[in-house]
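Numbers here simply count residues along the sequence, with the first being 1. Not measured: the values here are computed from a predicted model.
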Amino acid sequence: MVVLRKMNMCKFTVFALAAGLVGFLRGECLLVSGTNVEVVGDSLAPRTTQLAAREMTNYLSRVFARAVPLAKVPTEGVTSLVLGSNMWSKVAGVLPVPSERDSFSYRIAGENVYLLGRDDASKFAMDAYSCGIIQDISQHEMGTLFAVYWFLEEFAGCRFYFPGEYGTVVPRKDVLQVPIGCGVKKPDFVVRSVYMTGDGGWPDGAGKSTPSRVKTEQWMRLRLQT
């Protein structure tokens, strides 16, 4: 393992990108089955990355109508969706985007999917599964989380129109077809904002008011500016 980590990552990255491009040009796809998939997330990763892992397992479990496990390490023979910067993403040659804010890298090769963005390692005051409120959300980069929402929209057909069950589309599927390849996704605009004012209720009867938590969740799922 020490020798592997000491290898020339530059050469490995070039080889990985070339292999991914060949697969993309051939139109090859990785078939992600609900019966043979896991999400891999590092428990020591920034909280933004950990939130990305929970969102992926939550929505994929709904897509496949069965629980998708969250693992600490990739399992051999299982399609692993590896999230964030870790030893496996580095060995696969997936590097974070160095300068573009809110951007992320992806690679689909072999049995695995790698999604990696710049994630803020500083204090993250709230996530979608706590009762608090994110303070200064615009200060926290969450590139891996944005990569997760992109994956869910692009390959699972999920849509996040507005908060609540009526505004969220989660199709039922048995298999996802994910084209082999790699690349980088960058926002077309640095400023991406929507003004959600007032505390009016949503049509699914979630309550008489719209809490700040719900607005914050929607801000993240629409991948608005940070």
Note, [X] side chain near [Y] side chain (heavy atom, < 4.5 Å):
| X | Y | result |
| --- | --- | --- |
| L115 | V82 | no |
| S193 | W219 | yes |
| F151 | M56 | yes |
| Y59 | V170 | yes |

Let me know which of R223, R192, K185, R118 forms a salt bridge (Lys or Arg N to Asp or Glu O under 4.0 Å) with D102.
-> R192
Could you state whether M87 and L116 fall into the same hydrophobic cluster, counting links through intermediate Ile, Leu, Val, Met, Phe, Trp or Tyr residues with side-chain heavy atoms under 4.5 angstrom apart?
->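 Yes; L116 is reachable from M87 via cluster members.
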Can any side-chain N or O of [X] pair as donor or acceptor with the backbone N or O of [Y] at less than 3.5 Å?
| X | Y | result |
| --- | --- | --- |
| Q177 | L30 | no |
| S61 | T57 | yes |
| D119 | G143 | yes |
| N112 | S80 | yes |

May I ask you to check whether W150 and Y106 place their ring centres under 6.0 Å from each other?
-> yes
Decide side chain to side chain donor-acceptor pair (under 3.5 Å) for T168 and R159; before the verdict, give the C-alpha distance in whole Å, the side-chain angles of both, and the deciding distance to 0.1 Å.
-> CA-CA 6 Å; T168 304; R159 295 292 183 268; over 6 Å; no
Electrostatic pair R62:E165 at N-O distance under 4.0 angstrom =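 Between E165 and R62 there is a salt bridge, with a charged N closer than 4.0 Å to a carboxylate O.
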